[in-house]
Structures are given as C-alpha cells and as structure tokens.
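Since the structure is predicted, the reported quantities are computational estimates derived from the model, not experimental observations.
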Amino acid sequence: MLNRYARAAITKFFTPLAKLLLRLGVSPDIVTVVGTLGVCAGALAFYPRGEFFWGTVVITVFIFSDTLDGNMARMSGRSSVWGAYLDSTLDRVADAAIFGALVLWYAGRGNNLVMAGLALACLILGMVVSYSKARAEGLGMTANVGIAERSERLVAVLVTTGLVGIHWLHLPTAVLGVVLALLAVASLITVFQRMLTVRRQALDGAGELPK
C-alpha cells in the first residue's frame, strides 16, 4: 500500500537530484552501494549505543537511495537485471543492519532480552518474507501479496525508533516493543499469505522446477 501511494510522490521529489547525479556521471549502482553503506553505518554506529534518534536520522537520509537509484536507472535507460539483483540483495543487507543493530543494543547495554528477541524475530521473518517471493519467482510463479512489505516494515520501525530516541518525549521502550511485535506477527502472516498463493499456483500447474 505504501509503495503504491508514496513511491510516485517520492520519485517526483528526487527527480532533480537524479538528473544532477546523472549529469555528473554517477551510475545508479554507485548510488545503491553508497546508500546501503550509509544505512549500515547509521544503524551499526548509533543503535548499539542507544542513540536511536541520530541513528534514525542518518538511516533516513540514505534509505531514500532505494528510490533514487531506480529513478536514475529509468531516466538513463540503464535498467537491467543486474541492477535489480544488486538493489534487492543490498536491501536485505540494509534491513539486517537495522534490526541487527537493535538486537545488539537490547541484548547488550539495553539489557532487555524480550526486546532483543522481538527485533531478532523481525529480522528473521523479514528475510523469510523476501525469500518467499524470490523463491516463487525463481519457480516461475508470483507471490506479490502480503500485509507487511518492506516499505511498511521500515517506516514503522524507523519512525517508532526515532521517536523513542527523542528523550524529552519520554516514550517508553514498550512502545517500540509493541511495534516490533506487530511487525513480527504481520511478517509471519505475510509469509503464510505468500505460501498459500504459491500453493494455489502450484496446484493449478503454474511454474516449473529449475533445470
């Protein structure tokens, strides 16, 4: 849902920057790599120290590269299988860095194993959500369903983590815990939705095993 309603507006906002980078000779792949490195740096440098607000600010600055690189690829006519593969692969790296950094904080100085477990559940289930779609496509089927796609998961966790990191708001850790729990449940539901979708296609004879 978020993809459908927000991506067009975000793409339009970043179009001038995309044009500038292309004029400077920057390739979409470079933007993809730099964006991922920035997200990982923001998450792993700040979250494990409990600096949620500034970590979220840095992550947010770089995470929009996911839209920027795609816009650049379309404008330059460089859209390719390799670019799509690189983008999807590095998206998983960025997601793992964000939730993994939360695990590091709560399993360490944050001293809250319940929160660490919830963040770990989100990390694992998020990977399974992505894999379930990729595997379906590898078998010649589709799995474009689910209530918790990547955009929704990232917006929810980043907004909540950033707000919890603003100390004068005095938001309790439980707020982030509730969001993580809901994300974990939503991700699990999404996995089952995709499994059922693929099962229906398999029973109807769609797709084929790779040779």
Practice task
Using the test side chain to side chain contact (heavy atoms under 4.5 Å, CB included), find all partners of Val34 that sit at least two apart in sequence or belong to another chain.
Solution key: Ile30, Phe62
Handout entry: Within-4.5 Å side-chain heavy-atom neighbours: Gln201 and Leu139
Key = no
Completion exercise
Here the gap from Asn71 atom CG to Lys19 atom NZ, rounded to the nearest 0.5 Å, amounts to 9.0 Å
Exercise for the section: Return the set of residues passing side chain to side chain donor-acceptor pair (under 3.5 Å) with Asp91 (not counting sequence neighbours), or none when no residue passes. Expected result: none
Completion exercise
Between Ala43 and Pro48, the two heavy atoms sitting closest are O-CD, 3.1 Å
Fill in the blank from the handout: So CZ of Arg150 and CG of Asp95: to nearest 0.5 Å the spacing works out to 4.0 Å
Practice task
State plainly whether one hydrophobic cluster holds both Leu158 and Met127, where clusters connect Ile, Leu, Val, Met, Phe, Trp and Tyr through side-chain heavy atoms under 4.5 angstrom apart.
Solution key: yes
What donor-acceptor contacts under 3.5 angstrom involve side-chain atoms of residues 160-176, with partners at least two apart or in another chain?
residue	atom	partner	partner atom	Å
Thr160	OG1	Ala156	O	2.8
Thr161	OG1	Val157	O	2.6
His170	ND1	His167	O	3.3

Practice task
Measure the OG1-CE distance between Thr190 and Met195 for me, rounded to the nearest 0.5 Å.
Solution key: 13.0 Å
Handout entry: For Ala116 against Ala107, the heavy-atom pair lying closest together
Key = CB-N, 3.8 Å
Practice task
Give every residue pair that meets the ring pair (Phe, Tyr, Trp, His ring centres under 6.0 Å) criterion with at least one member in residues 12-46, sequence neighbours excluded.
Solution key: Phe14-Phe64
Exercise for the section: Quick one: closest heavy-atom pair of Ser130 and Arg153, and the distance? Expected result: OG-NH2, 4.2 Å
Handout entry: Sequence-distant partners of Glu137, salt bridge (charged side-chain N to carboxylate O under 4.0 Å, His left out), two or more places apart
Key = none
Handout entry: OH on Tyr85 to CG on Leu90, rounded to 0.5 Å
Key = 9.0 Å
Practice task
For Arg109, check salt bridge (charged side-chain N to carboxylate O under 4.0 Å, His left out) against everything at least two apart and list the hits.
Solution key: none
Handout entry: From Leu154, Asp66, Ile63, residue fulfilling side chain to side chain contact (heavy atoms under 4.5 Å, CB included) relative to Val39
Key = Ile63
Fill in the blank from the handout: Of all heavy-atom pairs linking Met75 and Ala18, the shortest is SD-CB, 3.8 Å
Practice task
Flag yes if Val61 and Ile98 sit in one hydrophobic cluster, no otherwise; membership is Ile, Leu, Val, Met, Phe, Trp, Tyr, and two members link when side-chain heavy atoms are under 4.5 Å apart.
Solution key: yes
Handout entry: ILVMFWY network linking Leu125 to Tyr131, side-chain heavy atoms under 4.5 angstrom
Key = no
Exercise for the section: Please check if Val155 and Phe99 belong to a single hydrophobic cluster, counting links between Ile, Leu, Val, Met, Phe, Trp and Tyr side chain heavy atoms closer than 4.5 Å. Expected result: yes
Exercise for the section: Go through the structure and list residues passing side chain to side chain contact (heavy atoms under 4.5 Å, CB included) with Leu21, not counting sequence neighbours. Expected result: Leu17, Val26, Val31, Leu68, Met72
Practice task
Name all residues meeting the side chain to side chain contact (heavy atoms under 4.5 Å, CB included) criterion together with Val178; count only those two or more places apart in sequence or in a different chain, and write none if there are none.
Solution key: Leu182
Completion exercise
The residue among Leu180, Val103, Val179, Leu102 that forms side chain to side chain contact (heavy atoms under 4.5 Å, CB included) with Leu118 is Leu180
Practice task
First locate atom CD1 of Ile59, then atom SG of Cys40, and finally report the distance between them rounded to the nearest 0.5 Å.
Solution key: 9.0 Å
Problem - For Thr56, side chain to side chain donor-acceptor pair (under 3.5 Å) partners two or more places apart - result: Tyr47
Practice task
Could you pull out all residues at least two apart from Ile189 that satisfy side chain to side chain contact (heavy atoms under 4.5 Å, CB included)?
Solution key: Ile147, Val185, Gln193
Problem - By side chain to side chain donor-acceptor pair (under 3.5 Å) - contacts of Asn144 (at least two apart) - result: Lys133
Fill in the blank from the handout: Separation between CG (Asn111) and CH2 (Trp105), nearest 0.5 Å, reads 9.5 Å
Practice task
Check whether Leu37 and Leu44 end up in the same hydrophobic cluster, where Ile, Leu, Val, Met, Phe, Trp and Tyr are linked by side-chain heavy atoms less than 4.5 Å apart.
Solution key: no
Handout entry: Set of residues satisfying side chain to side chain donor-acceptor pair (under 3.5 Å) with respect to Ser80, sequence neighbours excluded
Key = none
Exercise for the section: Taking all heavy atoms of Ser132 and all of Arg194, pick out the closest pair and write down the distance. Expected result: OG-CD, 3.3 Å
Completion exercise
Closest non-hydrogen contact found for Cys122 with Ala184 is SG-N, 3.8 Å
